[in-house]
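Take a look at the structure set out below.
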Number of protein chains: 2
Amino acid sequence: MDAVSLAIIEQLQEDGRRPYAAIGKAVGLSEAAVRQRVQKLLDQGVMQIVAVTDPLTVGFRRQAMLGINVEGDLDPVAEALTAMDEVEYVVLTAGSFDLLAEVVCEDDDHLLEVISKRIRTLPGVRSTESFVYLKLKKQTYQWGSR
Amino acid sequence: MDAVSLAIIEQLQEDGRRPYAAIGKAVGLSEAAVRQRVQKLLDQGVMQIVAVTDPLTVGFRRQAMLGINVEGDLDPVAEALTAMDEVEYVVLTAGSFDLLAEVVCEDDDHLLEVISKRIRTLPGVRSTESFVYLKLKKQTYQWGSR
DNA sequence: TACCGATCTCACGGATTCCGTAGTTGTGAC
DNA sequence: GTCACAACTACGGAATCCGTGAGATCGGTA
(Lines give C-alpha, C1' and ligand atoms only; values in the text may rest on other atoms or scores of the structure.)
Protein backbone atom coordinates (compact mmCIF):
# COMPACT_ATOMS: atom_id res chain seq x y z
CA MET A 1 0.00 0.00 0.00
CA ASP A 2 2.10 2.85 -1.25
CA ALA A 3 1.10 6.35 -2.27
CA VAL A 4 0.44 5.33 -5.86
CA SER A 5 -2.07 2.64 -4.95
CA LEU A 6 -3.69 5.16 -2.65
CA ALA A 7 -4.00 7.56 -5.55
CA ILE A 8 -5.52 4.85 -7.73
CA ILE A 9 -8.11 4.09 -5.06
CA GLU A 10 -8.94 7.78 -4.83
CA GLN A 11 -9.60 7.89 -8.55
CA LEU A 12 -11.92 4.91 -8.30
CA GLN A 13 -13.69 6.41 -5.31
CA GLU A 14 -14.76 9.23 -7.58
CA ASP A 15 -15.84 6.94 -10.40
CA GLY A 16 -15.61 3.18 -10.18
CA ARG A 17 -15.75 2.86 -13.98
CA ARG A 18 -13.00 5.29 -14.84
CA PRO A 19 -10.79 3.87 -17.64
CA TYR A 20 -7.36 2.59 -16.69
CA ALA A 21 -5.66 4.96 -19.09
CA ALA A 22 -7.28 7.98 -17.43
CA ILE A 23 -6.25 6.73 -14.01
CA GLY A 24 -2.73 6.16 -15.27
CA LYS A 25 -2.50 9.71 -16.51
CA ALA A 26 -3.70 10.99 -13.14
CA VAL A 27 -1.29 8.96 -11.03
CA GLY A 28 1.71 8.81 -13.38
CA LEU A 29 1.61 5.17 -14.42
CA SER A 30 1.06 3.31 -17.65
CA GLU A 31 -2.30 1.79 -18.45
CA ALA A 32 -0.94 -1.74 -18.00
CA ALA A 33 0.58 -0.96 -14.62
CA VAL A 34 -2.70 0.50 -13.37
CA ARG A 35 -4.50 -2.56 -14.61
CA GLN A 36 -2.14 -4.84 -12.69
CA ARG A 37 -2.44 -2.82 -9.50
CA VAL A 38 -6.19 -2.61 -9.60
CA GLN A 39 -6.44 -6.34 -10.15
CA LYS A 40 -4.17 -7.00 -7.22
CA LEU A 41 -6.08 -4.65 -4.94
CA LEU A 42 -9.28 -6.44 -5.85
CA ASP A 43 -7.75 -9.91 -5.45
CA GLN A 44 -6.30 -9.03 -2.06
CA GLY A 45 -9.66 -7.73 -0.91
CA VAL A 46 -8.22 -4.33 -0.11
CA MET A 47 -10.77 -2.67 -2.35
CA GLN A 48 -14.04 -3.60 -4.02
CA ILE A 49 -15.71 -1.80 -6.91
CA VAL A 50 -19.46 -1.96 -6.46
CA ALA A 51 -22.77 -0.19 -6.80
CA VAL A 52 -23.93 1.43 -3.58
CA THR A 53 -27.49 2.53 -2.90
CA ASP A 54 -29.70 3.75 -0.11
CA PRO A 55 -31.76 0.61 0.58
CA LEU A 56 -34.66 2.71 1.84
CA THR A 57 -35.04 4.21 -1.64
CA VAL A 58 -35.06 0.87 -3.46
CA GLY A 59 -37.83 -1.00 -1.76
CA PHE A 60 -36.44 -2.01 1.59
CA ARG A 61 -38.72 -0.51 4.18
CA ARG A 62 -36.73 -1.00 7.34
CA GLN A 63 -33.08 -0.60 8.13
CA ALA A 64 -31.42 -0.39 11.52
CA MET A 65 -28.15 -0.25 13.37
CA LEU A 66 -27.85 -2.66 16.27
CA GLY A 67 -25.62 -2.14 19.27
CA ILE A 68 -24.83 -5.51 20.77
CA ASN A 69 -23.27 -6.62 24.04
CA VAL A 70 -21.71 -10.02 24.38
CA GLU A 71 -20.47 -12.17 27.22
CA GLY A 72 -17.33 -14.08 26.54
CA ASP A 73 -15.68 -14.31 23.16
CA LEU A 74 -16.86 -11.80 20.56
CA ASP A 75 -15.76 -13.73 17.53
CA PRO A 76 -18.44 -16.45 17.37
CA VAL A 77 -21.14 -13.78 17.54
CA ALA A 78 -19.40 -11.64 14.94
CA GLU A 79 -19.07 -14.64 12.66
CA ALA A 80 -22.73 -15.55 13.01
CA LEU A 81 -23.75 -12.00 12.15
CA THR A 82 -21.40 -11.94 9.20
CA ALA A 83 -23.07 -15.05 7.83
CA MET A 84 -26.52 -13.46 7.74
CA ASP A 85 -27.70 -12.01 4.42
CA GLU A 86 -29.67 -9.28 6.16
CA VAL A 87 -26.57 -7.98 7.92
CA GLU A 88 -24.57 -5.64 5.71
CA TYR A 89 -22.04 -4.29 8.14
CA VAL A 90 -20.36 -5.69 11.25
CA VAL A 91 -17.70 -3.95 13.30
CA LEU A 92 -16.07 -4.64 16.66
CA THR A 93 -15.99 -1.53 18.79
CA ALA A 94 -14.71 -0.10 22.04
CA GLY A 95 -17.36 1.66 24.06
CA SER A 96 -20.68 0.76 25.57
CA PHE A 97 -21.36 -1.72 22.78
CA ASP A 98 -19.10 -4.60 21.91
CA LEU A 99 -20.15 -4.60 18.31
CA LEU A 100 -22.32 -2.76 15.84
CA ALA A 101 -24.30 -4.41 13.07
CA GLU A 102 -26.36 -2.83 10.33
CA VAL A 103 -29.38 -4.80 9.10
CA VAL A 104 -31.52 -4.32 6.00
CA CYS A 105 -35.05 -5.72 5.97
CA GLU A 106 -38.11 -5.85 3.77
CA ASP A 107 -40.54 -4.62 6.41
CA ASP A 108 -41.28 -4.44 10.13
CA ASP A 109 -42.10 -8.12 10.44
CA HIS A 110 -38.86 -9.08 8.81
CA LEU A 111 -36.85 -6.74 11.01
CA LEU A 112 -38.54 -8.05 14.13
CA GLU A 113 -37.82 -11.61 13.13
CA VAL A 114 -34.16 -10.94 12.44
CA ILE A 115 -33.58 -9.10 15.67
CA SER A 116 -35.58 -11.11 18.13
CA LYS A 117 -35.54 -14.57 16.61
CA ARG A 118 -32.12 -14.74 15.05
CA ILE A 119 -29.78 -12.25 16.68
CA ARG A 120 -30.92 -12.01 20.28
CA THR A 121 -30.98 -15.79 20.51
CA LEU A 122 -27.37 -16.21 19.45
CA PRO A 123 -25.31 -17.82 22.21
CA GLY A 124 -23.31 -15.16 24.00
CA VAL A 125 -25.53 -12.22 23.13
CA ARG A 126 -26.31 -10.46 26.39
CA SER A 127 -28.34 -7.52 25.09
CA THR A 128 -29.09 -5.48 21.99
CA GLU A 129 -30.26 -1.99 21.31
CA SER A 130 -31.86 -0.97 18.01
CA PHE A 131 -31.61 2.28 16.11
CA VAL A 132 -34.16 2.19 13.31
CA TYR A 133 -33.17 4.32 10.35
CA LEU A 134 -35.45 7.21 9.50
CA LYS A 135 -33.42 8.88 6.80
CA LEU A 136 -29.99 8.46 5.27
CA LYS A 137 -28.34 11.85 4.94
CA LYS A 138 -24.86 11.04 3.73
CA GLN A 139 -23.06 8.02 2.34
CA THR A 140 -19.59 8.61 0.93
CA TYR A 141 -16.40 6.69 0.43
CA GLN A 142 -14.12 9.49 -0.62
CA TRP A 143 -11.65 9.83 2.20
CA GLY A 144 -9.30 10.49 -0.69
CA SER A 145 -10.80 13.92 -1.24
CA ARG A 146 -8.52 15.51 1.35
CA MET B 1 -37.64 1.82 -9.76
CA ASP B 2 -39.03 -1.30 -11.37
CA ALA B 3 -37.84 -4.87 -11.16
CA VAL B 4 -35.49 -4.45 -14.11
CA SER B 5 -33.59 -1.57 -12.56
CA LEU B 6 -33.39 -3.58 -9.38
CA ALA B 7 -31.86 -6.43 -11.34
CA ILE B 8 -29.36 -4.07 -12.94
CA ILE B 9 -28.31 -2.77 -9.54
CA GLU B 10 -27.87 -6.31 -8.31
CA GLN B 11 -25.52 -7.03 -11.17
CA LEU B 12 -23.46 -3.97 -10.36
CA GLN B 13 -23.39 -4.83 -6.69
CA GLU B 14 -21.50 -7.96 -7.64
CA ASP B 15 -19.11 -6.15 -9.95
CA GLY B 16 -19.23 -2.42 -10.53
CA ARG B 17 -17.30 -2.73 -13.78
CA ARG B 18 -19.43 -5.42 -15.37
CA PRO B 19 -20.00 -4.60 -19.07
CA TYR B 20 -23.39 -3.27 -20.12
CA ALA B 21 -23.83 -6.10 -22.60
CA ALA B 22 -23.37 -8.73 -19.92
CA ILE B 23 -25.85 -6.96 -17.68
CA GLY B 24 -28.28 -6.73 -20.56
CA LYS B 25 -28.09 -10.45 -21.16
CA ALA B 26 -28.73 -11.10 -17.47
CA VAL B 27 -31.74 -8.82 -17.18
CA GLY B 28 -33.21 -9.17 -20.66
CA LEU B 29 -32.44 -5.78 -22.15
CA SER B 30 -30.26 -4.46 -24.93
CA GLU B 31 -26.87 -3.00 -24.17
CA ALA B 32 -28.04 0.51 -24.96
CA ALA B 33 -31.07 0.24 -22.73
CA VAL B 34 -28.92 -0.86 -19.82
CA ARG B 35 -26.59 2.03 -20.48
CA GLN B 36 -29.47 4.51 -20.38
CA ARG B 37 -30.86 3.08 -17.19
CA VAL B 38 -27.53 3.00 -15.42
CA GLN B 39 -26.88 6.59 -16.42
CA LYS B 40 -30.23 7.65 -15.08
CA LEU B 41 -29.74 5.81 -11.82
CA LEU B 42 -26.41 7.56 -11.40
CA ASP B 43 -27.80 10.97 -12.36
CA GLN B 44 -30.72 10.62 -9.98
CA GLY B 45 -28.37 9.67 -7.17
CA VAL B 46 -30.16 6.39 -6.61
CA MET B 47 -26.92 4.49 -7.06
CA GLN B 48 -23.21 5.23 -7.14
CA ILE B 49 -20.47 3.04 -8.56
CA VAL B 50 -17.36 3.43 -6.44
CA ALA B 51 -14.36 1.77 -4.87
CA VAL B 52 -14.94 0.79 -1.25
CA THR B 53 -12.19 -0.01 1.22
CA ASP B 54 -11.66 -0.60 4.89
CA PRO B 55 -10.09 2.71 5.93
CA LEU B 56 -8.24 1.00 8.78
CA THR B 57 -6.29 -1.05 6.23
CA VAL B 58 -5.26 1.90 4.09
CA GLY B 59 -3.57 4.19 6.55
CA PHE B 60 -6.35 5.70 8.59
CA ARG B 61 -5.67 4.79 12.17
CA ARG B 62 -8.91 5.72 13.86
CA GLN B 63 -12.50 5.30 12.86
CA ALA B 64 -15.59 5.62 15.03
CA MET B 65 -19.35 5.65 15.09
CA LEU B 66 -20.90 8.51 17.00
CA GLY B 67 -24.31 8.44 18.60
CA ILE B 68 -25.58 11.98 18.93
CA ASN B 69 -28.47 13.57 20.80
CA VAL B 70 -29.84 16.91 19.74
CA GLU B 71 -32.21 19.44 21.22
CA GLY B 72 -34.59 21.06 18.77
CA ASP B 73 -34.39 20.61 15.03
CA LEU B 74 -32.21 17.75 13.81
CA ASP B 75 -31.64 19.07 10.34
CA PRO B 76 -29.09 21.82 11.00
CA VAL B 77 -26.91 19.37 12.91
CA ALA B 78 -27.28 16.72 10.22
CA GLU B 79 -26.35 19.26 7.56
CA ALA B 80 -23.27 20.39 9.48
CA LEU B 81 -22.11 16.80 9.86
CA THR B 82 -22.75 16.10 6.20
CA ALA B 83 -20.51 18.99 5.27
CA MET B 84 -17.50 17.58 7.12
CA ASP B 85 -14.94 15.63 5.09
CA GLU B 86 -14.15 13.34 8.01
CA VAL B 87 -17.79 12.24 8.26
CA GLU B 88 -18.58 9.45 5.83
CA TYR B 89 -22.01 8.43 6.96
CA VAL B 90 -24.92 10.27 8.56
CA VAL B 91 -28.30 8.80 9.37
CA LEU B 92 -31.31 9.99 11.35
CA THR B 93 -32.56 7.32 13.69
CA ALA B 94 -35.30 6.43 16.12
CA GLY B 95 -34.04 5.17 19.45
CA SER B 96 -31.81 6.46 22.16
CA PHE B 97 -29.75 8.44 19.66
CA ASP B 98 -31.19 11.03 17.31
CA LEU B 99 -28.53 10.44 14.73
CA LEU B 100 -25.53 8.30 13.96
CA ALA B 101 -22.40 9.53 12.24
CA GLU B 102 -19.34 7.59 11.16
CA VAL B 103 -16.02 9.42 11.20
CA VAL B 104 -12.68 8.51 9.63
CA CYS B 105 -9.51 10.06 11.04
CA GLU B 106 -5.79 9.94 10.59
CA ASP B 107 -4.97 9.31 14.24
CA ASP B 108 -6.12 9.82 17.82
CA ASP B 109 -5.40 13.53 17.84
CA HIS B 110 -7.40 14.04 14.71
CA LEU B 111 -10.31 12.02 16.04
CA LEU B 112 -10.26 13.94 19.31
CA GLU B 113 -10.27 17.23 17.48
CA VAL B 114 -13.18 16.29 15.25
CA ILE B 115 -15.32 15.01 18.09
CA SER B 116 -14.66 17.52 20.81
CA LYS B 117 -13.81 20.65 18.87
CA ARG B 118 -16.06 20.39 15.85
CA ILE B 119 -19.00 18.12 16.58
CA ARG B 120 -19.73 18.56 20.27
CA THR B 121 -19.61 22.32 19.84
CA LEU B 122 -22.26 22.38 17.11
CA PRO B 123 -25.32 24.36 18.21
CA GLY B 124 -28.06 21.96 19.27
CA VAL B 125 -25.83 19.02 20.11
CA ARG B 126 -26.77 17.89 23.59
CA SER B 127 -24.50 14.86 23.96
CA THR B 128 -22.45 12.36 22.02
CA GLU B 129 -21.24 8.85 22.60
CA SER B 130 -18.32 7.34 20.70
CA PHE B 131 -17.75 3.80 19.52
CA VAL B 132 -14.18 3.51 18.33
CA TYR B 133 -13.70 0.84 15.68
CA LEU B 134 -11.44 -2.03 16.56
CA LYS B 135 -11.99 -4.25 13.55
CA LEU B 136 -14.24 -4.27 10.53
CA LYS B 137 -15.70 -7.74 10.06
CA LYS B 138 -18.13 -7.31 7.19
CA GLN B 139 -18.89 -4.68 4.61
CA THR B 140 -21.30 -5.67 1.85
CA TYR B 141 -23.76 -4.01 -0.46
CA GLN B 142 -25.40 -7.06 -1.95
CA TRP B 143 -28.93 -6.98 -0.63
CA GLY B 144 -29.63 -8.24 -4.12
CA SER B 145 -28.24 -11.64 -3.24
CA ARG B 146 -31.54 -12.85 -1.85
C1' DT C 1 29.60 -10.23 -7.85
C1' DA C 2 25.84 -12.65 -9.68
C1' DC C 3 21.27 -13.93 -9.48
C1' DC C 4 16.36 -13.68 -8.49
C1' DG C 5 11.87 -11.83 -8.11
C1' DA C 6 8.97 -8.03 -8.37
C1' DT C 7 7.48 -4.12 -10.82
C1' DC C 8 7.41 -0.93 -14.42
C1' DT C 9 7.40 0.66 -19.45
C1' DC C 10 6.33 0.05 -24.03
C1' DA C 11 4.31 -2.08 -27.72
C1' DC C 12 1.04 -4.89 -30.18
C1' DG C 13 -3.30 -6.62 -31.88
C1' DG C 14 -7.68 -8.80 -31.53
C1' DA C 15 -11.80 -8.96 -28.94
C1' DT C 16 -14.76 -6.42 -26.48
C1' DT C 17 -16.89 -2.39 -24.87
C1' DC C 18 -18.43 2.18 -25.05
C1' DC C 19 -21.20 5.76 -26.92
C1' DG C 20 -23.76 8.68 -30.07
C1' DT C 21 -27.49 8.48 -33.11
C1' DA C 22 -31.29 7.11 -35.91
C1' DG C 23 -35.38 4.57 -36.12
C1' DT C 24 -39.23 1.90 -33.73
C1' DT C 25 -42.63 0.89 -30.31
C1' DG C 26 -45.85 1.77 -26.66
C1' DT C 27 -48.62 4.62 -23.64
C1' DG C 28 -51.27 8.39 -21.83
C1' DA C 29 -53.52 13.03 -22.71
C1' DC C 30 -56.61 15.70 -25.14
C1' DG D 1 -57.10 9.97 -34.07
C1' DT D 2 -52.80 12.01 -33.21
C1' DC D 3 -49.50 14.29 -30.64
C1' DA D 4 -45.85 14.13 -27.28
C1' DC D 5 -42.85 11.64 -24.60
C1' DA D 6 -40.37 7.88 -22.67
C1' DA D 7 -38.08 3.67 -23.43
C1' DC D 8 -36.31 0.37 -26.39
C1' DT D 9 -33.57 -1.68 -30.48
C1' DA D 10 -30.09 -1.53 -34.05
C1' DC D 11 -25.82 -0.15 -35.82
C1' DG D 12 -21.17 1.68 -36.69
C1' DG D 13 -16.97 4.05 -35.40
C1' DA D 14 -14.01 5.14 -31.61
C1' DA D 15 -12.11 3.81 -27.40
C1' DT D 16 -11.08 0.50 -24.07
C1' DC D 17 -9.84 -3.86 -22.33
C1' DC D 18 -6.75 -7.59 -21.86
C1' DG D 19 -3.26 -11.00 -22.69
C1' DT D 20 1.25 -11.11 -24.10
C1' DG D 21 6.29 -10.57 -24.66
C1' DA D 22 10.70 -8.03 -24.42
C1' DG D 23 13.60 -5.17 -21.95
C1' DA D 24 14.89 -1.88 -17.87
C1' DT D 25 15.26 -1.03 -13.01
C1' DC D 26 15.67 -1.95 -8.29
C1' DG D 27 16.13 -4.17 -3.91
C1' DG D 28 17.35 -8.31 -1.47
C1' DT D 29 20.30 -12.31 -1.06
C1' DA D 30 23.52 -16.26 -1.61
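Treat the numbers as computed from the prediction; the structure is a model and nothing was measured. Proteins get letters first, then strands, A, B, ... in listed order; numbering begins at 1 in each.
Taking 4.5 Å as the limit, every side-chain heavy atom of A:Val132 sits out of range of all side-chain heavy atoms of B:Thr93.
The salt bridge (Lys or Arg N to Asp or Glu O under 4.0 Å) test applied to A:Lys138 returns no partner, not counting sequence neighbours. Under the side chain to side chain donor-acceptor pair (under 3.5 Å) criterion, B:Asp98 pairs with B:Asn69, not counting sequence neighbours. Applying the side chain to side chain donor-acceptor pair (under 3.5 Å) rule to B:Glu113 yields no partners; only residues at least two apart in sequence or on another chain are considered. Residues passing the ring pair (Phe, Tyr, Trp, His ring centres under 6.0 Å) test with B:Tyr20, sequence neighbours excluded: none. Checked against side chain to side chain donor-acceptor pair (under 3.5 Å), A:Glu10 has no partners two or more places apart in sequence or in another chain. Residues forming a ring pair (Phe, Tyr, Trp, His ring centres under 6.0 Å) with A:Tyr89 (at least two apart in sequence, or on another chain): none. Residues passing the side chain to side chain donor-acceptor pair (under 3.5 Å) test with A:Asp43, sequence neighbours excluded: A:Gln39.
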Close N/O contacts between protein and nucleotides 4-10 of chain C (under 3.5 Å):
from  : atom 1 : to      : atom 2 : distance (Å)
C:dT7 : OP1    : A:Lys40 : NZ     : 2.9
C:dT7 : OP2    : A:Lys40 : NZ     : 3.2
C:dC8 : OP1    : A:Arg37 : NE     : 2.6
C:dC8 : OP1    : A:Arg37 : NH2    : 2.5
C:dT9 : OP1    : A:Ser30 : N      : 3.4
C:dT9 : OP2    : A:Ser30 : N      : 3.0
C:dT9 : OP2    : A:Ser30 : OG     : 2.7

Listing time: all N or O pairs from protein to nucleotides 25-28 of chain D that are below 3.5 Å?
none

What pairs of donor and acceptor atoms, side-chain ones from residues 27-37 of chain B against any protein atom, are under 3.5 angstrom apart with sequence neighbours left out?
from    : atom 1 : to      : atom 2 : distance (Å)
B:Ser30 : OG     : B:Ala33 : N      : 3.2
B:Glu31 : OE1    : B:Arg35 : NH2    : 3.2
B:Glu31 : OE2    : B:Arg35 : NE     : 3.2
B:Arg37 : NH1    : B:Asp2  : OD1    : 2.8
B:Arg37 : NH1    : B:Asp2  : OD2    : 3.1
B:Arg37 : NH1    : B:Ser5  : OG     : 2.8
B:Arg37 : NH2    : B:Asp2  : OD2    : 3.3

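For residues 96-135 of chain A, the set of pairs meeting the ring pair (Phe, Tyr, Trp, His ring centres under 6.0 Å) definition, not counting sequence neighbours, comprises A:Phe97-B:Phe131, A:Phe131-B:Phe97.
Following rounding to the nearest Å, B:Gln39 (CD) and C:dT21 (P) show an atom-to-atom distance of 14 Å. Taking atom CG of residue B:Asp43 and atom C1' of nucleotide D:dA7, one finds them 16 Å apart after rounding to whole Å. Here the C1' atom of nucleotide D:dA6 and the CD atom of B:Gln44 are 13 Å apart, to the nearest Å.
Using a 4.0 Å cutoff on non-hydrogen atoms, the parts of residues 13-26 of chain A near DNA chain C are A:Arg17, ordered by number.
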